[in-house]
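Accompanying notes for the structure given below.
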Amino acid sequence: MSSTRPRLRCADLVNFSAPPVAVAQALIGYTLLVDGVGGRIVETEAYDVDDEASHSFRGMTPRNGAMFGPPGTTYVYRSYGLHWCFNFVCREAGHGAAVLLRAIEPTHGIEVMRARRRVESLRNLCSGPGKLAQALGITGALDHRRIDAPPFVLVPPDVASVVNCGARIGISKAQHLPWRFTLSESDFLSKRL
DNA sequence: TTTACGATTAACT
DNA sequence: GTTAATCGTAAAG
């Protein structure tokens with residue numbers, strides 16, 4: 001065996017003090033579990049300060065308060081009146097920067113997720129922000145919590161991930177920014193890149 | 001108080 | 001490809 005090749009060392013945990021674009025990229029390949037249910041993160045989007053598409057762009061409101069918490073804070077909001085979407089805060093407290101989780105490859109608690117989603121197909125279980133929140137049991141009750149505390153577990157990948165980027169989905173402002181990140185070749189994305 | 005609109009999804013044609 | 005569902009939020013009046 002080659003003794004010169006350095007062992008690939010992944011960060012112990014994502015540095016949530018980094019800008020959201022870096023965090024969104026770094027999170028690809030991590031395994032997210034909520035009460036033991038979840039899988040590999042395969043799609044994220046970054047929402048930065050001075051970003052017209054971000055909920056925090058116009059300052060703090062009752063809904064987006066968690067976005068202005070310290071790095072590692074969870075931000076859960078309701079989308080279109082019926083879906084929940086799950087974010088991690090990054091940069092630093094008060095900036096309102098965050099990363100949206102958009103898709104997960106199911107690996108843990110698949111039957112639980114199938115029951116919650118009432119869907120059989122693995123590909124349709126967590127392939128979208130609303131879908132993954134439903135599958136993992138994420139609701140507004142998990143807003144403004146810490147990602148490094150129960151019920152959350154974030155496990156680093158054991159191999160480097162090949163990450164692609166492209167335009168974010170479902171926004172009307174700042175559409176040109178390539179701030180959507182995906183695991184290359186993944187079959188579990190919300191939409192092909 | 002009123003109104004317009006989503007960081008979406010599922011079910012259509 | 002198109003559109004209905006569905007309602008909290010925030011901007012406007």
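Predicted, not measured: the structure shown is a model, and the values here were computed from it. Throughout, a chain's letter reflects where its sequence line sits, starting with A, and its residues are numbered from 1.
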Quickly work out the [X] [atom1] to [N] [atom2] distance and round it to whole Å.
{"X": "A:Leu132", "N": "B:dT9", "atom1": "CG", "atom2": "C1'", "value": "13 Å"}
{"X": "A:Arg63", "N": "B:dG6", "atom1": "CZ", "atom2": "C1'", "value": "8 Å"}
{"X": "A:Tyr77", "N": "C:dG8", "atom1": "OH", "atom2": "P", "value": "16 Å"}
{"X": "A:Lys173", "N": "C:dA10", "atom1": "NZ", "atom2": "C1'", "value": "12 Å"}
{"X": "A:Tyr75", "N": "B:dA7", "atom1": "OH", "atom2": "P", "value": "9 Å"}
{"X": "A:Arg168", "N": "B:dT8", "atom1": "CZ", "atom2": "P", "value": "11 Å"}
{"X": "A:Gln134", "N": "B:dA7", "atom1": "CD", "atom2": "P", "value": "19 Å"}
{"X": "A:His55", "N": "C:dT9", "atom1": "NE2", "atom2": "P", "value": "11 Å"}

Proximity to the side chain of [X] - top-ranked nucleotide from [options]:
{"X": "A:Tyr80", "options": "C:dG8, B:dG6, B:dA7", "answer": "B:dG6"}
{"X": "A:Lys131", "options": "B:dA10, B:dG6, B:dA7", "answer": "B:dA10"}
{"X": "A:Leu82", "options": "B:dT9, C:dT6, B:dA7", "answer": "C:dT6"}
{"X": "A:Ser172", "options": "B:dG6, C:dT6, C:dA10", "answer": "B:dG6"}
{"X": "A:Arg78", "options": "C:dT9, B:dA7, C:dG8", "answer": "C:dG8"}

- In whole Å, what separates the C1' atom of B:dC5 from that of C:dT3? 16 Å
- Message: Is it true that, when you exclude A:Arg58 itself, more than 12 heavy atoms of the residues, nucleotides or ligands shown sit nearer than 6.0 Å to its CZ?
- Response: no
- Are more than 12 heavy atoms from other residues, nucleotides or ligands located less than 6.0 Å from atom CG of A:Asp148? yes
Reckon [X] touches a base, only the sugar-phosphate, or nothing at all at heavy-atom distances under 4.0 Å?
{"X": "A:Ile171", "value": "sugar-phosphate"}
{"X": "A:Arg102", "value": "sugar-phosphate"}
{"X": "A:Arg117", "value": "sugar-phosphate"}

- Query: Taking a pair as Watson-Crick or G-U wobble with both distances under 3.5 Å, which nucleotide is matched to C:dT6?
  - Reply: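 Looking at the geometry, C:dT6 pairs with no nucleotide.
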- Would you indicate, yes or no, if B:dT9 has its OP1 or OP2 atom less than 4.0 angstrom from a side-chain nitrogen or oxygen of A:His83?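 Negative; the distance criterion is not met.
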- So if you build clusters from Ile, Leu, Val, Met, Phe, Trp, Tyr with side-chain heavy-atom gaps below 4.5 Å, do A:Phe16 and A:Phe152 land together?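 A:Phe16 and A:Phe152: one cluster.
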- Query: Side chains of A:Thr73 and A:His144: does their closest heavy-atom pair fall under 4.5 Å?
  - Reply: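 Side-chain contact under 4.5 Å: yes.
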- Task: Output the distance between atom OH (A:Tyr75) and atom NE2 (A:His55), rounded to the nearest 0.5 Å.
- Result: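 Rounded to the nearest 0.5 Å, the OH-NE2 separation comes to 5.0 Å.
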